[in-house]
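Each ligand, and each atom within it, is numbered from 1 in the order the structure gives.
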Amino acid sequence: MAKNIVVIGTGYVGLVAAVGLADFGNRVIGVDIDKRKIETLKLGKSPIYEPGIEEYLNRNLKSGRLAFSTDIDQAVQWADVIFIAVGTPSREDGSADLSYLWSAAGTIADNVNSYKVIVVKSTVPVGTNRKLQEFFDKKVGKGKVSVISNPEFLREGKAVYDFFHPDRVVVGYADKKARDIMVDIYEALYLNETPFIFSNWETAELIKYASNAFLATKITFINQMANLAEEVGADIHKIAKAMGMDGRISPKFLHPGPGYGGSCFPKDTKALVHMGKEVGVDMSLVREVIRANEMQKLRMVEKAERLLGSLQGKVVAVWGLAFKAETDDMRESPAIVIINELIKRGAKVKATDPKAIENAKRVFGDKIAYFYDEFDAAKGSDMVIIVTEWNQYRNTDLEKLKKVMKGNVVLDARNVLDPEKVKKHGFVYEGVGRK
Ligand code: NAD
């Protein structure tokens, strides 16, 4: 049966959840403390770039099942089920900052007027859902609120698709009634034979961290193999392909590059190390992954310096600023470390990205020059570094590139170009893990 659902936080996760839950037939209100975001959403415009999101947004706004508001109190009173999708960024010490989550919990507690299910979609450290349940039991009385842990696994750039086609749905619960309400909400997925994992809160919370830490480890592993391949004259693509043919390994997440970034892997790996510390378990493997990933970003700059002799006074065009293709998200993007280091070593940076320029301006200000067109960025440059794997860079016009550049060096940190083809056009080419 359709439910009245409020989604608190309309960022990458909350917005996708709001439109997706409305599309399932529920009545949904997305709320946020960011007034500008809510005004934009009311107009049917997405504050983030995510393929397909505006189509779903407008379809559900028109149907009347979806609305947006800044009146969180009223929305909570109206709701049967409240999804929390606020940010949980890293603190200085690596632990997760839960201040947004607790602020949302406080608002909910002040407005409980009937039985509510609180669904925590934000990524939170083990023990948080139990603490939330204790908080509500104390504030509003036992049996008035049931907390559910329902971690999100969507990939930015494919978020809408992932919402409707998840590999699995994880539901951590203590109250059977709330568990059944979750099955009701996700009925379309449940009937579609999407696997559901039911567990206690702690297991659900750790599934999320374990998954992200494993993926970060897999990327870091192939990056280190790529570095070794480079030094010994091997080809990482053939290595990854052959490794991936082993069903136990799988070919996914074996693409070498400039290091992982984004809003999740960096903060979740740090939070996992911190969680281990708190209970006396040494998460040494994950700790090393974090360190190696930082080194990988710097390795790209060292390559650039070696290829150009020195970076002092050189003009470097950076193609791609977002942490990966098909998103405008710059959070923890490898481009940030790479560009800052290029500048530190004396280079002048001309940057381009199909979607992330506005966000990049907030990161770099006037330290770099911005171009909407990649050939404008490359004009007069000594080197082009490809940092994000946007499709438009894969089949770039090499003839045109050669004409506009001053130098002839291409550093392909995502291995999106065919080395032979690039070299044939007279470029000095270097990728990651292959020459
Ligand atoms: P985000 O920063 O894009 O969005 C968070 C939103 O919450 C913001 O719009 C903010 O204004 C709003 N907010 C903060 N406090 C609020 C409050 N008290 N009341 C109402 N709104 C409030 O974050 P995100 O990327 O969507 O991530 C949200 C959570 O989901 C994080 O815990 C993250 O780890 C997790 N997650 C993210 C992804 C991803 O790919 N982005 C994937 C899986 C899980």
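- When hydrogens are left out, the protein atom nearest atom 35 (C) of ligand 1 is T123 OG1, 3.5 Å; that is the closest non-hydrogen contact.
- Listed by atom number, the atoms of ligand 1 under 4.0 Å from A85 heavy atoms are 5 (C), 28 (C).
- Ranking protein heavy atoms by distance to atom 19 (N) of ligand 1, first place goes to I8 CG2, 3.4 Å.
- The aromatic rings of W102 and F135 sit perpendicular, their planes meeting at an angle over 60°, well past the 30° parallel limit.
- Within the 4.0 Å heavy-atom cutoff, R331 counts among the residues contacting ligand 1.
- By the 6.0 Å and 45° rule, R168 stacks over the aromatic ring of F153.
- Looking at I108, I84, V13, T107 and measuring to atom 26 (O) of ligand 1, the nearest heavy atom belongs to V13.
- In summary, the atoms of ligand 1 found under 4.0 Å from a heavy atom of G9, numbered by their order in the structure, are 6 (C), 7 (O), 12 (C), 21 (N).
- In this structure, the protein non-hydrogen atom closest to atom 10 (C) of ligand 1 is D32 OD1, 3.4 Å.
- In this structure, K355 is positioned above the aromatic face of Y49, its NZ or CZ under 6.0 Å from the six-membered ring centre and within 45° of the axis.
- Less than 4.0 angstrom separates some heavy atom of T88 from each of these atoms of ligand 1: 31 (C), 32 (O), 34 (O).
- The nearest heavy-atom contact from the protein to atom 29 (C) of ligand 1 is V86 O, 3.3 Å.
- Residue contacts with ligand 1, taken as heavy atom pairs separated by less than 4.0 Å, do not involve A159 at all.
- Of the protein's non-hydrogen atoms, the one nearest atom 5 (C) of ligand 1 is G87 N, 3.6 Å.
- A centroid separation of less than 6.0 Å is found between the aromatic rings of F163 and F24.
- Remark: K144 is not positioned above the aromatic ring of F136, lacking an NZ or CZ atom under 6.0 angstrom from the ring centre and at most 45 degrees off the axis.
- The contact set between ligand 1 and S122, taken as ligand atoms under 4.0 Å from a residue heavy atom, comprises 29 (C), 30 (O), 32 (O).
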Review point. Where do R394 and L417 land on the side-chain contact (heavy atoms from CB on, under 4.5 Å) test, with the steps shown first?
Key: CA-CA 6 Å; R394 291 178 196 275; L417 300 175; 5.6 Å; no
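- The distance criterion of under 3.5 Å between nitrogen or oxygen atoms is not met by K121 with respect to ligand 1.
- Listed by chain and number, the residues in a side chain to side chain donor-acceptor pair (under 3.5 Å) with N200 are T203 (sequence neighbours excluded).
- Within 6.0 Å of the NZ atom in K158, the count of heavy atoms belonging to other residues, nucleotides or ligands does not exceed 12.
- Applying the 4.0 Å criterion to heavy atoms of I72 picks out, from ligand 1, the atoms 19 (N), 20 (C).
- For S263, every heavy-atom contact with ligand 1 shorter than 4.0 Å involves the side chain, none the backbone.
- Taking every heavy atom of S103 and a limit of under 4.0 angstrom, the matching atoms of ligand 1 come to 18 (N).
- Close placement of the Y56 and F164 rings is indicated, their centers lying within 6.0 Å of each other.
- Under a cutoff of 6.0 Å and an axis angle of 45°, K177 and Y115 form a cation-pi pair.
- For the pair R179 and F198, the cation-pi test (distance below 6.0 Å, angle within 45°) is passed.
- Scanning all protein heavy atoms for the shortest distance to atom 4 (O) of ligand 1 gives G11 CA, 3.2 Å.
- Comparing K37, K267, E156, E152 by heavy-atom distance to atom 8 (C) of ligand 1, the nearest is K37.
- For atom 17 (C) of ligand 1, the nearest non-hydrogen atom from the set L15, I33, V120, V6 belongs to I33.
- Around the NZ atom of K238, the shell of radius 6.0 Å holds no more than 12 heavy atoms that belong to other residues, nucleotides or ligands.
- In terms of polar-atom proximity, D268 is not counted as a contact of ligand 1, lacking any N or O under 3.5 Å from an N or O of the ligand.
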